[in-house]
Every structure is written in structure tokens, then in C-alpha cells.
Amino acid sequence: MSYSSWWNFSRTKTTPDSTPKDNTVTKENEENNVDPMSDKSDDEESVLTEIERQVNQDPNRPSAAAPAVPKSPVSGLEIGGHNCEYVYGEHSPIPFRRACWGVWGECDVSALVVRGPNYMTDGKKIPASRPMLRPALCEIFYTNSKLYDIASRPDNFAYQWFERTWKDKVAANGGKLPKEAKLSPLILFNFLFPADKGLCNLVCYFTRRPPKKHLPASSPKPEEAESTTTTTESTSDNQSESDPIETTTEKTEESSKTEEKKSEETKPEEKKPEIANGEKLYTKDEHADAREAAFDIILEKFMNADDDFRNKRFKLIPRVAEGSWLVRKVVGGKPGLIAQKIVCKYIYNEERNYIEVDVDIHTSKFAGRILSLVKGYATTLVTDLAFVMQGEADDELPEALIGGVRISRPDLNLVQTQYTS
């Protein structure tokens, strides 16, 4: 039995003995993992019943009485200590941070695909590049009631981020937000869900990356170019005063070195990601500039549009990097317009320069039941969440990811933060 992404269960007609009557799937239905043949509400109940049966019979399901120790997502090293300490995976160039409940960091999105520049005509996708924003914080906390628009609270990270980043610049600009800040908002995704100890929130904050660090493959790095220029100038100055024989010898040596360099340049370069300050730098591709331009266009539309537009564009791409095969089947890995099944609220605060998306899992009884099953495996899971705004016009393509975050083996019993309304 194959399962779809959990928010599309009710839309997918999958029973153990059923076979699709028609294998033709439209481009949009295939993208959003929706079965166009499903039209019965009792399908979701049969799917859920089957999942519950397999979960209850799974001998590898973790015991709630003995939660797993949080581990690094890559190296498997047991960790402990204070919040926000860096944990570098053995094979990962992206820094991860410890929290009291587990580990979080930026996930590798190089295996994902997004809509290409001509998707509306040819339906082709291209590999995802580095997201436009990077994770600034990921937190889990309990609340005594449903908590929306958390970024407006003075004790929240978003509020403090604005005070540090833009407050002085706004004051210097006559009380108005600078032009460059409008396309660099803080974007946060606030997931509200039920937990054993009450109501719980998972909030992921993303900030715009600094100017591009990658360079075209054909051009040398700035420091290399400067050193080459300096060497050439000093050599030409010294040659006029040097002995002719020594000069000839030096020229011969220089020519041999030049030939060696040329032979090295002709060798195929290994496509390994560069690493700077713990951050992966994706190789610049032919769509890099187009992605950024398209992202700015759709971001501006998203900020100023109504909720109907946002519901049709906000996509979530989940993936279980490590964990039970059953949970992998449940979560899937295809992009989904999550607002089709779960109520989402959007807050754009132009004055304080943030966009908040509140995903209220309480509003979907079916999603809540699925989540209650998955939570039993939480301390053994490494989950990736990537966010994207769906492009549906030529000027909105190719798609660029908003951001991606990895959440490693969270233990809700270790959550220390409590918000009160």
C-alpha cells in the first residue's frame, strides 16, 4: 500500500484492493500529489485505519517511557548542553544548533526539484538551488491557548530581530522602512499542534541571505586576481635592473610554471560545494539570477495579495531523512499546497517588516490524528521542511525555495519554554 503526503490523505483514493481506473494525471495534480479520481470522504477513514493498525503492530515503535537521546543529524554524536551551540556534522558543511529539545539547522535541498523557467509550457522541473533565505531560529514551546501572530510579541525573536536590524535605519530614514528592506523581510512559519502536555508551537524563522558569495566558474577569486596582478607588476619592474642571464633563466622557469598551470586548468574540476563560515555555497548555475528576480516578484505579490492567493501559492515540501519506513510512507516527500487541507493565517506587518504564516493543525481532524501517530516516533526522526511559493506565471519562474530547515529527533518532554497569552 502506498501513501501520499499526510495533508493529502483525504484526497487520495488508496485502499488495499483498489486499482486506479485511469493512470492519466494532470500536471497540477501530479505536482500537488492529488489523485483526481478521489471523491469519497470514507477513503480517508480507511487509509487512516490501515495506518493505525500498522503503527500499533510496529515492533520498532519507540516507548514513550524511554525517549531517545537527541543526536546530531549527521554524525550520530550524543549531545547535551546549552541552547544555540554549534554542532558540526562530520560530512555536513552546514552548521546545526542545539536546543533543549533536540537539534536544528539548515537542510540540504540539493536533491529537490522545482518548477523550471518554462514550466508553464513544457512542464519541466530543474534542481533546486540555494534557498533565498536561511534559518535564523527554530523553537518549540508550549502555550495555554492558541497563539497566532507571535512575531508581534515584544518577547519574541522577530520583534527583537527588527530592533537590532532595522530600527536605527528606519529612524535615519525619517521613520520609514528603507527600500532595500522591503524585499528582505523576516519570514516565519508557526505550526500550532496538540501535544501531551497541552498546546504546542513549532516556529521556524528565516532571514534573507547576504549578497551572493558565489562567483562564476570562469572568473578567479578576488584575492587570486590581486596577487596575480601584484606579481606581474613586480616582475616587470625588477627585470630592467637584473642580469640578462638570470632574467632568461627566470623566464624559462616562469614559462614552465605557466604550462603547468594551463595543464591543471584543462583538468575537469570536481564539483564539490565550497565551504565558508560553516555555510554551503551552491555552485552558480545558469538560472541563479533568474531565480532571484522571480523570487522578488512573487514575494512582493505574496506580501500584498489576499489569503485566497496565498493559499494557492504556499507549498510545503516535507521529507523524513532518517526514521521508520512507516513514517516515511506517511509523510511522503512531494510538494503540497497545505492550505487546501489545513487552515492557514497570514500576517504581513509592513511596519516591522515580517511575514508570518500560522498553520493551525487543530483545524484538521484527520491531520491531527496522523500527527498523533507520527509523534510516537518523534525522538527517532530527522525531518526536513522546505518552503516555496508556487510560480504560475513566466515572471515568477524558475521557482526559488524560501528556505529549508532540518529538525533532528525532537523530544517534547524536554521543551522548557512556555508562552502565555
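Note: hydrogens, waters and symmetry copies are ignored here, and every other heavy atom, side chains too, is used. One is the number of the first residue; the rest follow in order along the sequence.
The side-chain heavy atoms of Pro135 and Phe206, taken from C-beta on, include a pair separated by under 4.5 Å. Inter-residue side-chain proximity for Leu188 and Phe157 is flagged as unmet; no heavy-atom pair is nearer than 4.5 Å. Between Pro335 and Val114 there is no side-chain heavy-atom pair separated by less than 4.5 Å. Using a 4.5 Å cut-off on side-chain heavy atoms (C-beta onward), Ile126 and Pro117 make contact. No side-chain heavy atom of Trp104 sits under 4.5 Å from any side-chain heavy atom of Pro410.
Residues Asp296 and Arg208 are paired through a salt bridge, judged by an N-O separation under 4.0 Å between the basic side chain and the carboxylate. Between Glu399 and Lys315 there is a salt bridge, with a side-chain nitrogen of the basic residue lying less than 4.0 Å from a carboxylate oxygen of the acidic one.
Using the six-membered ring where Trp is involved, Phe387 and Phe189 have ring planes that are parallel, under 30° apart on the 30 and 60° scheme.
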Would you give me the side-chain donor-acceptor pairs under 3.5 Å for residues 190-202, sequence neighbours excluded?
from   : atom 1 : to     : atom 2 : distance (Å)
Asn190 : OD1    : Asn201 : ND2    : 2.9
Asn190 : ND2    : Leu147 : O      : 3.1
Asn190 : ND2    : Asp358 : OD1    : 3.1

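Listed for the Arg310 side chain is no donor-acceptor partner under 3.5 Å among the backbone atoms of Lys345. No donor-acceptor distance shorter than 3.5 angstrom exists from the side chain of Glu139 to the backbone of Val203, with no hydrogens or angles considered. At distances below 3.5 Å, not a single donor-acceptor pair connects side-chain atoms of Arg291 with backbone N or O atoms of Pro398. When atom types are taken as modelled, the side chain of Thr363 and the backbone of Val343 share a donor-acceptor pair closer than 3.5 angstrom. Distance alone, capped at 3.5 Å, places no donor-acceptor pair between the Arg406 side chain and the Val382 backbone. Formation of a donor-acceptor pair under 3.5 Å by the Arg313 side chain with backbone atoms of Met389 is not found in this model.
Note that the CD1 atom of Ile338 and the CD atom of Gln340 stand 10.5 Å from one another [nearest 0.5 Å]. Rounded to the nearest 0.5 Å, atoms CH2 (Trp166) and OG (Ser184) are 5.5 Å apart. Within the model, atoms CE of Met303 and CD1 of Ile187 stand 8.0 Å from one another, a figure rounded to the nearest 0.5 Å. Distance check: Ile347 CD1 to Asp307 CG gives 9.0 Å after rounding to the nearest 0.5 Å. The distance from atom CG of Leu385 to atom CD1 of Ile407, rounded to the nearest 0.5 Å, is 5.0 Å. With values rounded to the nearest 0.5 angstrom, His287 atom NE2 is found 10.0 Å from Ser129 atom OG.
Residue Lys146 qualifies as enclosed at atom NZ: its count of foreign heavy atoms under 6.0 Å is above 12.
When all heavy atoms of Leu401 and Ala128 are compared, the pair lying nearest together is CD1-CB, 3.8 Å. Looking at every heavy atom in both residues, Val103 comes nearest to Phe96 through CG1-CB, 3.7 Å. Closest of all the heavy-atom pairs between Ala400 and Val388 is O-CG2, 3.7 Å. The two residues Cys138 and Trp101 come nearest to each other via the heavy atoms O-CZ2, 3.5 Å. Across all non-hydrogen atoms, the minimal contact from Lys125 to Val113 is CD-CG2, 3.9 Å. Of all the heavy atoms in Leu414 and Cys100, the pair that sits closest is CB-O, 3.4 Å.
For the 3.5 Å distance criterion, the side chains of Asp360 and Tyr148 qualify, holding a donor opposite an acceptor.
Note that Arg352 lies in the cation-pi zone of Tyr159, set by a 6.0 Å cut-off to the ring centre and a 45° limit from the axis.
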### Task
Check the pair Thr207 / Arg134 against side-chain contact (heavy atoms from CB on, under 4.5 Å), numbers first and verdict last.
CA-CA 6 Å; Thr207 58; Arg134 59 184 178 185; 4.2 Å; yes
### Task
Would you please test Glu396 and Arg115 for salt bridge (charged side-chain N to carboxylate O under 4.0 Å, His left out) and show each step?
CA-CA 10 Å; Glu396 300 170 357; Arg115 294 184 172 191; over 6 Å; no
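A salt bridge (charged side-chain N to carboxylate O under 4.0 Å, His left out) check over residues 166-188, counting only residues at least two apart or in different chains, returns the pairs Glu163-Lys167. Judged as a ring-ring contact (aromatic ring centres under 6.0 Å, His included), the pairs with a partner in residues 330-353 (not counting sequence neighbours) are, in order, Phe302-Tyr346.
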